[in-house]
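Please read all numbers here as calculations on a predicted model, not as lab measurements. Proteins get letters first, then strands, A, B, ... in listed order; numbering begins at 1 in each.
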Amino acid sequence: MRAIWSGDCKLENLKSEADATYRRLLCDVEERRAEAKRRSQEMKDIAADERVALLEEGRRAKQELKGLEAEASKVQSALQAGLLTLPMPPDPEVPEGSDDSQNVELRTWGEVPDFSFDAKDHVSLGADLGILDIPRGVKLAGSRNYLLLGDGARLEQAVLRFAVAHMTAKGFDLASVPILVNHACMEGTGYFPGGEEQTYAVPKDDLFLSGTSEVPLTAIHSGETLEESDLPVRRIALSPCFRREAGTYGKEAHGLYRVHQFWKVEQMVIGPNDEDWSIEEQGKMLAHAEEFVQALEIPYRVVDVCTGDLGQGQVRKFDIEAWMPSRGSWGETHSASRFHDFQARRLNLRYKPSGGGKPRFCHTLNNTVAATPRLLIPLLELGQQSNGDVVLPEALESFMGKVLLENPAKG
RNA sequence: GGAGAGGUGCCGGAGUGGCCGAACGGGCCGGUUUUGAAAACCGGUGACCUUCACGGGUCCGUGGGUUCGAAUCCCACCCUCUCCGCCA
């Protein structure tokens with residue numbers, strides 16, 4: 001099944017014309033540089049009057065070299081630009097499909113509720129409880145913005161702190177990272193080129209508001225060569241996330257499902273270049289998230305994301321979709337991605353094998369732990385009572401201080 | 001934001017046009033000595049790309065430029081430190 005990675009399908013087969021041209025040019029350039037070096041070595045033990053001819057030759061060679069170098073760098077940047085758009089071949093086990101409708105459900109957990117009363121959606125629940133104010137959020141920052149107030153804001157914090165505690169217990173190290181990052185981070189993690197329209201940019205400082213802490217988290221060791229004994233690196237970050245959601249007008253415009261700014265606890269792992277290890281790790285990371293959702297007593301399903309719904313660099317992806325009563329369906333809350341060495345190559349993120357030998361590219365993986373306010377949707381909607389109260393899962397009590405959100409308007 | 005100083009190998013730190021991939025010191029590795037260790041002494045010790053190999057190339061913050069030749073000269077940028085201002 002993994003023959004695609006085992007060497008049959010080496011870069012050899014993907015080598016483009018540009019690559020061959022570049023190599024030829026580089027070879028030529030290096031030869032001429034060697035010549036030039038030799039010439040200037042000779043120069044110093046030659047009498048001044050004998051230098052003239054050599055100087056002239058040097059000048060001419062320099063012009064030629066310059067031309068060649070310019071050509072080489074032109075070809076190289078064209079090549080690199082092309083390389084950046086190359087997608088990662090999916091794992092052969094990924095189901096074929098053109099879009100998310102063809103994702104394959106692997107399993108479900110929990111009971112989908114059947115309300116015996118007229119159930120409300122999270123927007124009216126939140127408004128009635130006085131913990132959610134969308135109109136004023138829109139007033140402050142436009143559509144897809146919101147305000148969480150009082151217990152709403154507290155609930156969000158509780159979910160996030162629970163997520164951090166959950167992952168700390170799994171041995172992940174909490175990091176506080178820059179979420180305003182440079183172009184190299186965006187490109188290195190695979191968001192650029194391609195994701196520019198979805199990203200808030202700060203042109204004055206040439207920085208970008210990343211849509212997930214996966215970006216800084218994965219880029220932490222970019223350009224470095226780690227020791228194999230330092231691997232795997234397992235970290236989480238709690239950060240705000242920003243997404244422009246361009247081109248989604250009208251799509252999920254209602255409520256807290258798709259918003260421009262949200263909070264997320266993200267898990268990220270950097271490991272050795274070992275696909276079996278990587279596959280196993282992805283399973284673990286998925287399990288961490290499932291346990292978390294289970295603790296929140298939210299029914300969910302796990303989906304094996306099909307080829308057509310896979311991101312450029314993703315080799316395999318499993319989504320967790322929570323049951324959201326107001327949608328009458330599942331909504332994505334978690335996304336566990338495996339990248340093989342896709343991101344590591346772009347980030348130049350390597351490690352020195354402990355057995356010796358050349359540095360190798362790491363493998364990287366990431367998964368959501370908790371994203372809010374999206375997670376507040378099932379939490380509020382599933383916990384609602386006929387009188388408009390909302391009962392929260394026990395697991396949040398120590399973080400929230402209570403589990404009952406009382407409807408002030410009830411009789 | 002204003003003024004100044006600086007960015008060199010694992011670390012400290014020399015080096016102001018060819019003899020510099022880079023002195024010297026520390027560290028690290030190996031050896032001698034020692035019952036063992038420490039100390040002392042001797043030797044070794046950068047990374048990456050390319051090549052079966054020989055070899056070749058790149059790298060002294062980054063990117064340009066000058067020159068036959070740049071760690072060294074020029075320009076721009078980035079970063080760090082000190083002082084002042086401001087600030088969560």
Nearest-Å distance once atom [atom1] is located in both [N] and [M]:
N: B:G9; M: B:U72; atom1: P; result: 14 Å
N: B:A22; M: B:U45; atom1: P; result: 10 Å
N: B:U62; M: B:C78; atom1: P; result: 15 Å
N: B:G17; M: B:C68; atom1: C1'; result: 12 Å
N: B:C77; M: B:C10; atom1: P; result: 29 Å
N: B:C41; M: B:A47; atom1: C1'; result: 31 Å
N: B:A14; M: B:G85; atom1: P; result: 32 Å
N: B:G61; M: B:U8; atom1: P; result: 7 Å

Tell me if the centroids of the rings in A:Tyr300 and A:His334 come within less than 6.0 Å of each other. no
Report the base-pairing partner of [N] (Watson-Crick or G-U wobble, both distances below 3.5 angstrom), or none.
N: B:U82; value: B:A3
N: B:A76; value: B:U62
N: B:G43; value: B:C29
N: B:U67; value: none
N: B:A22; value: none

Answer with base, sugar-phosphate or nothing: what part of the nucleic acid does A:Lys352 contact at a heavy-atom distance below 4.0 Å? nothing
Need one value for A:Leu55: base, sugar-phosphate or nothing, where a base atom within 4.0 Å counts as base even if backbone is also close, heavy atoms only. base
RNA chain B contacts made by residues 26-37 of chain A, counting heavy atoms under 4.0 Å: A:Glu30, A:Arg33, A:Ala34, A:Lys37
Which residues in residues 56-65 of chain A have a heavy atom closer than 4.0 Å to any atom of RNA chain B? A:Gly58, A:Arg59, A:Lys62
Nearest nucleotide by nearest heavy atom, which residue falls closer to the 5' end of RNA chain B, A:Lys358 or A:Lys66? A:Lys358
So which one's nearest nucleotide on RNA chain B is more toward 5', A:Arg38 or A:Pro359? A:Pro359
Hey, does the side chain of [X] reach the backbone of [Y] with a donor-acceptor pair shorter than 3.5 angstrom?
X: A:Asn182; Y: A:Cys185; result: yes
X: A:Arg144; Y: A:Arg258; result: yes
X: A:Arg346; Y: A:Leu84; result: yes

Straight-line distance of [X] [atom1] to [Y] [atom2], nearest 0.5 Å:
X: A:Leu375; Y: A:Trp263; atom1: CG; atom2: CH2; value: 15.5 Å
X: A:Leu376; Y: A:Leu256; atom1: CG; atom2: CG; value: 7.0 Å
X: A:His122; Y: A:Ile377; atom1: NE2; atom2: CD1; value: 4.0 Å

Before accepting this row, confirm whether a basic side-chain N of the pair A:Arg32/A:Glu64 lies closer than 4.0 Å to the acidic partner's carboxylate O. yes
I'd like to know if A:Arg59 pairs up with A:Glu56 as an ion pair, taking the criterion as any Lys NZ or Arg NE/NH1/NH2 lying under 4.0 Å from an Asp or Glu carboxylate oxygen. yes
Is the shortest heavy-atom distance from the side chain of A:Met268 to the side chain of A:Thr364 under 4.5 Å? no
Does a sphere of radius 6.0 Å around NZ in A:Lys402 hold more than 12 heavy atoms from other residues, nucleotides or ligands, not counting ones at 6.0 Å or beyond? yes
Show your reasoning for whether side-chain contact (heavy atoms from CB on, under 4.5 Å) applies to A:Arg235 and A:Ile220. CA-CA 11 Å; A:Arg235 290 199 175 102; A:Ile220 288 176; 3.7 Å; yes
Contact boundaries of RNA chain B with chain A (under 4.0 Å, heavy atoms), 5' to 3'? B:G18 to B:G69
